[in-house]
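Before any comments, here is the structure.
From a predicted model like this one, the values you see are computed outputs, not experimental measurements. The residues of the chain are indexed from 1 along the displayed sequence.
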Amino acid sequence: MSTLNFAEKPVQVLTLEELERSYHENLPTGQPVGGIYHFELIGQVLEAFERRSLKPVVQEIFAAANRDSKRPGVTLLPQLEEKYGERAVEAHLLRRVYANIEIRSDETDDLVTCLAVAYHQKGIQLGIGPMVKVCHNQTILGAQDVVSNYACWGAYPQPLPKGRGDRMTVEDVLARAQQWADDYEPFQKIRRERMGALKSAQMNRDDMLRLIGILVEKRILHDTQNDVLRVAQTYPLNSSQINETAENLLALFTNRGQSPSTSHSGDSPQPVSYWDAYQQLNTVLKPARMDIPQVLPQSLALFECLTEMIK
């Protein structure tokens with residue numbers, strides 16, 4: 001019997017088969033809440049890439065228990081526990097799920113293209129981009145590589161029907177996944193070019209300090225109660241994430257011989273690229289370490305922040 005214990009650990013890893021066995025939340029009409037079940041969403045994204053022989057493989061699935069008085073991330077149903085056993089997968093209603101799907105058709109020793117599928121109380125999100133294997137960092141290299149059905153991000157697969165506003169349907173989101181698969185190589189060319197731009201742009205210590213200041217400013221302007229200053233745009237990192245990753249950046253520059261204490265030594269400093277910095281900052285943007293709905297928008301915001309600095 002498969003079991004989950006969210007009281008012990010608020011983020012649990014499970015398989016697609018286990019996710020399908022969990023309790024299915026329906027509207028009074030019998031239709032899935034949100035228009036699609038989480039396992040069906042993942043399955044249809046897999047099918048879009050399988051149709052193009054792109055070798056999609058589910059790498060891992062996370063389910064998270066967030067605190068929401070009306071629709072919590074996890075609900076354990078006692079009546080189903082009686083039927084299936086204590087903490088059985090079948091007794092869980094899971095509303096907050098994140099899946100990593102690796103596209104193994106063109107992976108290297110260092111990188112694999114990864115699809116991120118997020119399903120939660122706000123809606124659904126998809127993202128795609130290179131994942132760095134050694135640190136399991138998902139990167140989003142532009143608005144064309146992220147889409148949701150509750151916010152106006154990214155390029156749509158086609159113009160929205162008149163009167164729809166900036167909301168997409170589940171079908172629109174899945175059409176975007178199909179377009180990523182159908183036009184896989186042209187999209188990969190864009191991703192490789194953008195990754196190359198970050199790798200070829202060198203960052204010095206002053207750039208690093210300026211970047212930390214920009215990240216702090218963006219966080220402050222988003223969170224401030226001052227209406228004159230407030231900016232609604234998503235920030236790349238919150239306060240605790242900035243503290244942790246700024247220390248990572250300082251350590252990286254010190255290890256490369258670019259700290260004040262080593263600036264006058266005989267050793268030649270080693271270069272640091274904006275891609276190197278992106279990987280240090282991106283270590284905290286993972287579903288097991290933060291709120292699932294924020295993973296993809298913050299990853300995109302981080303890329304845009306770095307790209308703006310090298311223009």
Query - Partner residues of Leu209 under the side-chain contact (heavy atoms from CB on, under 4.5 Å) criterion, sequence neighbours left out - result: Arg205
Report summary line: Contacts satisfying salt bridge (charged side-chain N to carboxylate O under 4.0 Å, His left out) that involve residues 92-101 (not counting sequence neighbours) are Glu25-Arg95, Arg96-Asp291
**Report entry** Leu306 vs Ile310, side-chain contact (heavy atoms from CB on, under 4.5 Å): CA-CA, chis, key distance, verdict
**Finding:** CA-CA 7 Å; Leu306 293 169; Ile310 64 176; over 6 Å; no
Requested in this report: Using the side chain to side chain donor-acceptor pair (under 3.5 Å) rule, collect all pairs that involve residues 211-220, keeping only residues at least two apart or in two chains.
Outcome: Arg219-Ser239
Query raised in the report: Glu244: what forms a salt bridge (charged side-chain N to carboxylate O under 4.0 Å, His left out) with it, not counting sequence neighbours?
Result: Arg289
Requested in this report: Please name all residues satisfying side-chain contact (heavy atoms from CB on, under 4.5 Å) with Thr29, sequence neighbours left out, ordered by chain then number.
Outcome: Leu27, Gln31
Query raised in the report: Which residues pass the side-chain contact (heavy atoms from CB on, under 4.5 Å) test with Val57, sequence neighbours left out?
Result: Arg104
Requested in this report: Just grab all the ring pair (Phe, Tyr, Trp, His ring centres under 6.0 Å) pairs involving residues 285-311, residues at least two apart or on different chains.
Outcome: none
Query - Residue pairs passing the ring pair (Phe, Tyr, Trp, His ring centres under 6.0 Å) test where at least one lies in residues 84-105, sequence neighbours excluded - result: Phe6-His92
**Report entry** salt bridge (charged side-chain N to carboxylate O under 4.0 Å, His left out) partners of residues 36-60, not counting sequence neighbours, each pair once
**Finding:** Arg52-Asp182
Requested in this report: With sequence neighbours excluded, give me every ring pair (Phe, Tyr, Trp, His ring centres under 6.0 Å) pair touching residues 13-42.
Outcome: His24-Tyr37, His24-Phe39, Tyr37-Phe39, His38-Tyr119
Report task. Sorted by first residue and then second, give each salt bridge (charged side-chain N to carboxylate O under 4.0 Å, His left out) pair with at least one member in residues 112-138; sequence neighbours left out. Result -> Glu107-Lys133
Query - Set of residues satisfying side-chain contact (heavy atoms from CB on, under 4.5 Å) with respect to Lys311, sequence neighbours excluded - result: Thr307, Glu308
Query - Side chain to side chain, Asp106 and Gln188, heavy atoms closer than 4.5 Å - result: yes
